[in-house]
Amino acid sequence: MRTFYVTTPIYYVNAEPHLGTAYSTIAADVLARYHRLKGEDVFFLTGVDEHGENIQTLAAEKGISEQELCDQMAPMFTKLWKKLNLSNDIFLRTTSELHKRGATKFLNALYKTGDIYKGKYDGYYCRRCESFYTERELAESKNCPVHKLPVEWVEEENYFFALSKYQDGLRAHIRANPEFIQPESRRNEVLNVVESGLKDVSISRASVSWGIPLPFDQTHMTYVWIEALCNYITALGYGEDGEKFHKYWPANVHMMGKDITRFHAIIWPAMLMAVNLPLPRQIFAHGFVTNQGEKISKTKGNVIDMDTLIGEFGLDAFRYFFLREFSFGNDGDYSQDRFVLRYNADLANDLGNLLNRTLGLVSKNFGVIPEPTTPGEFDDEVKGIARETIDQVDALMGQLAFDMALEKIWEFVRRINRYVQQTQVWSLAKSEETKGRMGTILYNCMESLRTIAVLISPFVPDTANRIRQQMGLDECFENQGLDTVSEWGGLPSGKTVGKPEPIFPRKDTKRKPRHAASSQTEQIATENLISIDQFQSMDLRVAEVIAAERIPNADRLLKLQVDLGSEKRQVVAGIAAHYSPEDLVGKQIVLVANLKPTKIRGIESQGMLLAASGKKELAVATFEKRLPPGTQVR
RNA sequence: GCCGGUGUAGCUCAGUGGUAGAGCACACGACUCAUAAUCGUGCUGUCCGGAGUUCAACUCUCCGCACCGGCACCA
């Protein structure tokens, strides 16, 4: 029996699950369900990543143990997955013994290859990011560019994995296997990174206590990312349950958001190469969901509330929308309007109404599924399209083109609506002679609906079941494979049909009162308040720009000469995308005058100008009146 | 600045070396079994701009512009 192993990333338990994680996981679920439908032996993995310094810190803040924290967080994921009707075969926690044992074995195997060596690592370290930064990556303030928190100078002995050794092997593999990294754009990106040279990566942390110790040196914890990647094999019982592992590995698809492509496309395959395990067949990085064109973020307050959406439209509409509307692999934009449009057009009008009108006619005129006694015009065409649809959907699902697969299915749905129209079935009830033809047409409609129900079942499992129920077919979908629709005519005549009820009640298109327009500005921090003294430690001055020029080979940089009254300064500012040099000359700006000088692009910068910047726009702070240069700002 | 991608009807996108398509939206018509649904017809396009190759380019090549992603860089 063919096997199919699909994975999602294991999600970090430092935050609750959100739409992005749901999107990845639903997509993986659809894929898993589709392959089960094909009769394959599927293993679908998802789980949570529970180790690392972040968890350690968070637990300390809450005054509970790390394990307690994880035990609180993990159920949030399992609960949501249940709500989303996900069919994962395992929910792996990295704190589980299964994972710990597997990871330990893997690390030992890796160690034996000789590709792990002890080296000294020193650098600026951000505890939040759990990663190092070079001096250049940091601001003068010595703050982490992501969290704006102070970083620490850390010197520690670390273990390294000789990633650089696998550069050529990786490149060759990516080149030879176009399917390996998808979509294409991600593949190019990764190829680019690999070709520009790989550096060895640190795989341990001596300063962290919450994690899995390196088996060959218990004083070091395995770096959380390295350990997490192992989950794809530990979930299969790597190193112990040989049978399961050999059955499913290598994975057919590692599915993930595009932000974590590199760990999966570079480090993970290299580690597998090192220990001589086969590489996953495909790494698929999907796009992000935006909300009306904007990135979704908590601080922005434009998070899409899944509960509300599911409450109002139903789970299946939710699952349907994100897979139909977005081209998997590209970013997709959500808006309530588009959601309603899709819901009404596709689910209520096309599919829901087709089922409803068909069953209405059947129950009124026959009461049972009629016999197909009287073939006629259009019948063969409909049957042909059914066959064609099944084949095309299969090809598209193979490419993870969920949107196109659904489009194909809906072409079929529309064709059946047209069939009803063309044959004017309803008018055939008037005489007994035409009743045979009527029954045949209705049979064909129902048989089409049965096929459609099977095809859509991976996407909208509940809907598929409801369609079957209304049609009077009691078996639910778990037992209905693709093979049950591969031959036309599998629908049994004579069965009593159920009561037709709209499966997707149409939604009013009238604009609902919008929930409070999401604010454009980010929430203002109320934590980490500073004292007036701290504020006064900044020496802010009025400065007049006397000259400005671009810096070659830098998109964002301008070199400014400014007048501070008592002295002149040279400042490099990252505002070139928004201001041309001419715009600035003569302007009076706010300068942080007591900032330690630094070199940017080899050019000395003696201060920093203040500017407000949002996602797109940026404006330099100026004064509404001219002032003597050097005047203090407070 | 480097690497890659995209730019086609109001919107989302498909597409081929021979002068353009789908769905949605919109308009009109038909029908009435059905969830104001369905079916039919129509609609708008300098297929980003410019140059070149060609009998012929939206489709190939080059240049440019805009936008997106990655890198560099951004206090």
Side-chain angles (χ1 to χ4, degrees), chain A residues 136-143 145 148 183-193 195-196 258-259 261-262 285 287-288 290 324-327 330-333 335 337-338 340-342 344-365 403-404 406-407 410-411 413-429 438 441-442 445 500-509 550-558 571-578 591-592 595-598 600-602 605-611 613 616 618:
Chain A
R136 283 195 316 172
E137 284 172 314
L138 297 171
E140 187 50 38
S141 57
K142 295 272 180 283
N143 283 348
K148 317 287 178 205
E184 186 90 23
S185 51
R186 295 294 142 204
R187 178 172 179 259
N188 289 336
E189 217 173 282
V190 171
L191 211 46
N192 212 317
V193 173
E195 286 178 351
S196 65
K258 62 184 184 182
D259 53 333
T261 316
R262 290 185 193 186
F288 287 157
T290 57
R324 172 64 189 92
E325 182 80 2
F326 300 171
S327 140
N330 297 325
D331 289 355
D333 191 34
S335 80
D337 290 352
R338 298 196 72 83
V340 175
L341 254 95
R342 274 284 170 212
N344 280 339
D346 297 0
L347 299 177
N349 297 353
D350 287 347
L351 178 63
N353 185 53
L354 173 63
L355 176 72
N356 201 239
R357 71 196 301 207
T358 303
L359 288 183
L361 286 165
V362 171
S363 63
K364 205 178 297 171
N365 296 289
D403 58 325
M404 299 214 267
L406 284 169
E407 171 59 22
W410 254 258
E411 273 174 27
V413 172
R414 282 183 225 114
R415 181 64 191 87
I416 304 306
N417 267 322
R418 202 159 107 237
Y419 177 60
V420 172
Q421 203 72 23
Q422 285 172 318
T423 54
Q424 306 264 305
V425 228
W426 58 89
S427 66
L428 302 177
M438 181 184 198
I441 293 165
L442 288 174
C445 289
E501 269 172 61
I503 47 173
F504 292 106
R506 205 168 196 287
K507 296 287 174 189
D508 202 347
T509 39
R550 285 184 179 279
I551 293 173
N553 296 341
D555 279 1
R556 320 167 80 134
L557 301 181
L558 287 183
V571 176
V572 177
I575 55 174
H578 303 86
L591 188 82
V592 184
L595 197 60
K596 233 166 95 183
T598 186
I600 298 165
R601 277 269 159 161
S605 179
Q606 305 153 324
M608 155 183 167
L609 65 77
L610 295 192
S613 64
K616 301 242 159 182
L618 180 147

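Small disclaimer: the values here were computed from a predicted structure and weren't measured. So that the names make sense, note that chain A is the first sequence line, chain B the second, and so on, each numbered from 1.
- Nearest nucleotide to the side chain of A/Pro502, out of B/A22, B/U32, B/U35: B/U35.
- Summarising the base pairing, B/C28 is matched to B/G40 through a Watson-Crick or G-U wobble pair whose two defining distances lie under 3.5 Å.
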Please write out each protein N/O paired with an N/O of nucleotides 2-4 of chain B under 3.5 Å, distance rounded to 0.1 Å.
{"from": "B/C3", "atom 1": "O2'", "to": "A/Asn192", "atom 2": "ND2", "distance (Å)": "2.4"}
{"from": "B/G4", "atom 1": "O2'", "to": "A/Asn188", "atom 2": "ND2", "distance (Å)": "3.2"}

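- Each of B/U35, B/C39, B/C33 was ranked by its minimum atom distance to the side chain of A/Arg506; first place goes to B/U35.
- Using a 4.0 Å heavy-atom distance criterion, A/Ile503 is classed as a base contact.
- Between the C1' atom of B/A22 and the CZ atom of A/Arg324 lies a distance of 10 Å, rounded to the nearest Å.
- Within the 4.5 Å cutoff, side-chain heavy atoms of A/Asp259 are placed close to those of A/Phe288.
- Across every strand in view, B/U16 sits unpaired, with no contact that passes the Watson-Crick or G-U test at under 3.5 angstrom.
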Can you pull every protein N or O that's under 3.5 Å from an N or O on nucleotides 7-13 of chain B?
{"from": "B/C11", "atom 1": "O2'", "to": "A/Arg338", "atom 2": "NH1", "distance (Å)": "2.9"}
{"from": "B/U12", "atom 1": "O4'", "to": "A/Arg338", "atom 2": "NH2", "distance (Å)": "3.4"}

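- Straight-line distance between the P atoms of B/G7 and B/G15: roughly 10 Å, to the nearest whole Å.
- Of the candidates A/Lys364, A/Met438, A/Gln421, A/Gln421 is the only one forming a side-chain contact (heavy atoms from CB on, under 4.5 Å) with A/Trp426.
- The two atoms that bring A/Ile416 and A/Cys445 nearest to each other are CG2-SG, 4.0 Å, heavy atoms only.
- Using a 4.0 Å heavy-atom distance criterion, A/Gly360 is classed as making no nucleic acid contact.
- Only the P atoms considered, B/G64 is 25 Å distant from B/A72, to the nearest whole Å.
- Searching all strands for a Watson-Crick or G-U wobble partner of B/G1 with both distances below 3.5 Å returns B/C71.
- Looking at A/Arg506, A/Arg418, A/Arg414 one by one, the single match for salt bridge (charged side-chain N to carboxylate O under 4.0 Å, His left out) with A/Asp350 turns out to be A/Arg414.
- Nucleotides B/A57 and B/U61 are separated by 15 Å at their P atoms, to the nearest Å.
- When every heavy atom of A/Asn349 is checked against every heavy atom of A/Ala345, the shortest pair comes out as CB-O, 3.4 Å.
- At whole-Å resolution of the value, CG in A/Asp346 and P in B/A22 are 17 Å apart.
- Looking only at side-chain heavy atoms (C-beta outward), A/Val340 and A/Asn344 come within less than 4.5 Å of each other.
- At the phosphate of B/U38, neither OP1 nor OP2 sits under 4.0 Å from any side-chain N or O atom of A/Arg418.
- Nucleotide B/C24 holds its C1' atom 16 Å from the CG atom of A/Asn417, rounded to whole Å.
- Both A/Val193 and A/Ala348 lie near RNA chain B, and the one whose nearest nucleotide falls closer to the 5' end is A/Ala348.
- Put simply, the side chain of A/Tyr419 does not reach to within 4.5 Å of the side chain of A/Val425, judged on heavy atoms.
- Atom pair A/Arg357:CZ and B/A36:P shows a separation of 12 Å (rounding to whole Å applied).
- A distance of about 23 Å separates the C1' atoms of B/U41 and B/C33, rounded to the whole Å.
- The pairing partner recorded for B/C33 is none, the criterion being a Watson-Crick or G-U wobble arrangement whose two distances lie under 3.5 angstrom.
- Searching all strands for a Watson-Crick or G-U wobble partner of B/U46 with both distances below 3.5 Å returns nothing.
- Side-chain N/O atoms of A/Asn349 include one lying less than 4.0 angstrom from OP1 or OP2 on B/U38.
- Which of B/U35, B/A22, B/C24 sits closest to the side chain of A/Glu407 comes down to B/A22.
- Using a 4.5 Å heavy-atom cutoff, the side chains of A/Glu189 and A/Thr261 are not in contact.
- Between B/A36 and B/C58, the distance separating the two P atoms is 46 Å to the nearest Å.
- Nearest-nucleotide positions on RNA chain B place A/Glu501 closer to the 5' end than the other of A/Gln422 and A/Glu501.
- As rounded to the nearest Å, B/A25 and B/A66 have P atoms that lie 36 Å from one another.
- Residue A/Asp403 is classed as having no contact, given no heavy-atom separation below 4.0 Å to the nucleic acid.
- With P as the reference atom, B/C55 and B/A22 are 33 Å apart, rounded to whole Å.
- Between the CZ atom of A/Arg262 and the C1' atom of B/G69 there is a distance of 11 Å, given to the nearest Å.
- Under the side chain to side chain donor-acceptor pair (under 3.5 Å) criterion, A/Asn356 pairs with no residue, sequence neighbours left out.
- Rounded to the nearest Å, the gap between the C1' atom of B/U59 and that of B/G17 is 7 Å.
- Nucleotide B/G70 holds its C1' atom 16 Å from the CZ atom of A/Arg187, rounded to whole Å.
- Straight-line distance from the CG atom of A/Asn353 to the P atom of B/C33: 13 Å, rounded to whole Å.
- Which of B/G69, B/C24, B/C33 sits closest to the side chain of A/Lys258 comes down to B/G69.
- For the pair A/Met438 CE and B/C33 C1', the computed distance is 7 Å after rounding to whole Å.
- A 4.5 Å side-chain heavy-atom check between A/Glu407 and A/Asp403 finds every atom pair outside the cut-off.
- A/Asn417 and A/Arg357 are linked by a side-chain donor-acceptor pair at a separation below 3.5 angstrom, with hydrogens and angles left out of the test.
- Considering only side-chain atoms of A/Asn356, the nucleotide from B/G70, B/U35, B/C31 that sits closest is B/U35.
- Contact check on A/Lys258 versus A/Asp331 returns a salt bridge, with a Lys/Arg side-chain nitrogen under 4.0 Å from an Asp/Glu carboxylate oxygen.
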